[in-house]
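Scroll down for the structure; my scribbles are underneath it.
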Amino acid sequence: MPSSHTIAAVADRLYFRQLLSGRDFAVDDPLAVQMVNFVYLIGDREAGEAIAVDPAYVGGSMMGYSIQGIRDVLDREDVSIHVNQAEAEWVRRATGVSSADLVSHAGGDVLNVGAIPIQFLHTPGHTPGSQCFLVDHMLVSGDTLFLEGCGRTDLPGADAGAMYESLQRLAGLSDDTAVFPGHRYSAPSVGTMAAIKEINYVFKPKSKEAWLTMFGAA
């Protein structure tokens with residue numbers, strides 16, 4: 001187990017920034033303004049290394065739109081694209097990147113950015129490969145958990161039962177975990193797990209059966 005001195009030193013090196021589409025980037029893109037995506041930059045100040053988490057769009061052709069994304073990034077820089085193993089093939093087909101460009105992960109994997117460890121949590125439900133990221137008592141919850149609500153379970157690949165199980169696992173994190181969602185669907189941009197469990201209606205049903213009655217897709 002790392003010492004308190006080591007933990008404090010890592011925390012001092014941690015760079016964490018929340019960016020909002022349409023405000024902090026893509027300011028002239030009406031779709032970006034509409035989607036209110038959060039993107040997170042997580043890095044090591046001392047090492048000068050960082051990653052972009054949940055970068056709004058992987059790109060490709062989706063919903064009738066041709067969207068810039070990871071293929072455009074790879075044309076400029078040789079970087080690794082980290083995806084959950086359950087979604088790697090879909091990302092490859094949707095964007096046209098090669099398998100060699102993707103780094104597939106399973107739940108529980110840890111990626112070290114400099115001296116900053118980021119734990120991958122596989123949270124299927126919204127999509128088969130949905131995942132959250134835990135770093136220094138902060139959870140980047142993507143499209144799994146919002147401050148109010150959760151990711152949709154009525155889209156192709158979604159699974160309401162899996163979403164319930166994923167939400168229950170996240171609810172088991174420490175109450176003081178700061179939750180940073182993938183979209184700004186509420187006035188606050190961050191909340192504690194304790195507060196979210198108290199106010200978020202997705203945690204109100206007392207059983208999986210009750211949850212599926214409320215949120216299960218027809």
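It should be emphasised that the depicted structure is a prediction, and the values quoted were computed from it without experimental measurement.
Screening residues 173-194 for salt bridge (charged side-chain N to carboxylate O under 4.0 Å, His left out), with sequence neighbours left out, gives D175-K197. Pairs passing the salt bridge (charged side-chain N to carboxylate O under 4.0 Å, His left out) check and including a residue from residues 82-107, sequence neighbours excluded, read E89-R92, E89-R93. Within the structure, salt bridge (charged side-chain N to carboxylate O under 4.0 Å, His left out) contacts touching residues 21-45 (residues at least two apart or in different chains) are R13-D44.
Proximity of F38 to S189: side-chain heavy atoms (C-beta onward) are separated by under 4.5 Å at one or more points. Residues T144 and H126 form no side-chain contact, since every pair of their non-hydrogen atoms from C-beta on lies 4.5 Å or further apart. Residues V33 and P30 fail the side-chain proximity criterion, which asks for heavy atoms closer than 4.5 Å. By the 4.5 Å heavy-atom criterion applied to side chains, D54 and N37 are not counted as neighbours. A heavy-atom distance below 4.5 Å is found between the side chains of Q131 and F133. In this structure, V190 and L147 have side chains that are not in contact, with every pair of non-hydrogen atoms separated by 4.5 Å or more. Residues L14 and M138 are in side-chain contact: their nearest non-hydrogen atoms beyond the backbone lie under 4.5 Å apart. At a threshold of 4.5 Å between non-hydrogen side-chain atoms, the residues L139 and L170 count as touching.
For the pair M35 and Y57, the tightest heavy-atom approach, listed with the atom from each and the gap, is CG-OH, 3.6 Å. Among all heavy-atom pairs drawn from A106 and F120, the shortest one is O-CB, 4.2 Å. Nearest heavy atoms, M214 versus P205: SD-CG, 3.5 Å. When all heavy atoms of S21 and A32 are compared, the closest pair comes out as OG-O, 2.7 Å. Listed here is the closest heavy atom pair of P181 and S141: CA-OG, 3.3 Å. Annotation for V113 and G43: closest pair CG1-CA, 4.0 Å, computed over non-hydrogen atoms.
Partners of Y40 by ring pair (Phe, Tyr, Trp, His ring centres under 6.0 Å), not counting sequence neighbours, listed by chain and number: F16, F180. For Q119, the side-chain contact (heavy atoms from CB on, under 4.5 Å) criterion is met by V110, L121, L134, not counting sequence neighbours. D143 is linked by a salt bridge (charged side-chain N to carboxylate O under 4.0 Å, His left out) to nothing, counting only residues two or more places apart in sequence or in another chain. Checked against salt bridge (charged side-chain N to carboxylate O under 4.0 Å, His left out), E49 has no partners two or more places apart in sequence or in another chain. Residues passing the side-chain contact (heavy atoms from CB on, under 4.5 Å) test with V202, sequence neighbours excluded: L145, C150, L167, N200, W211, F215. When the side-chain contact (heavy atoms from CB on, under 4.5 Å) test is applied to K204, the partners found at least two apart in sequence or on another chain are Y201. Every residue two or more places apart in sequence or in another chain that forms a side-chain contact (heavy atoms from CB on, under 4.5 Å) with D72 is listed here: Q68. Under the rule for a side chain to side chain donor-acceptor pair (under 3.5 Å), the partners of R169 that lie at least two apart in sequence or sit in another chain are S166.
Rounding to the nearest 0.5 angstrom, the gap separating the OG1 atom in T153 from the CE atom in M163 is 6.5 Å. The distance from atom CD of Q18 to atom CG of L41, rounded to the nearest 0.5 Å, is 10.5 Å. Rounded to the nearest 0.5 Å, atoms CD (E46) and CG (D12) are 10.0 Å apart.
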Sequence neighbours left out, cut at 3.5 Å: what donor-acceptor pairs do the side chains of residues 74-85 make with other protein atoms?
unit_1	atom_1	unit_2	atom_2	d
H82	ND1	H105	NE2	2.8
N84	OD1	A86	N	2.8
N84	ND2	H105	O	3.4

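By the rule that hydrophobic residues join a cluster once side-chain heavy atoms approach within less than 4.5 Å of another member, V103 and I70 end up as members of separate clusters.
With hydrogens and angles ignored, the 3.5 Å screen pairs a side-chain donor or acceptor of S207 with a backbone N or O of A210.
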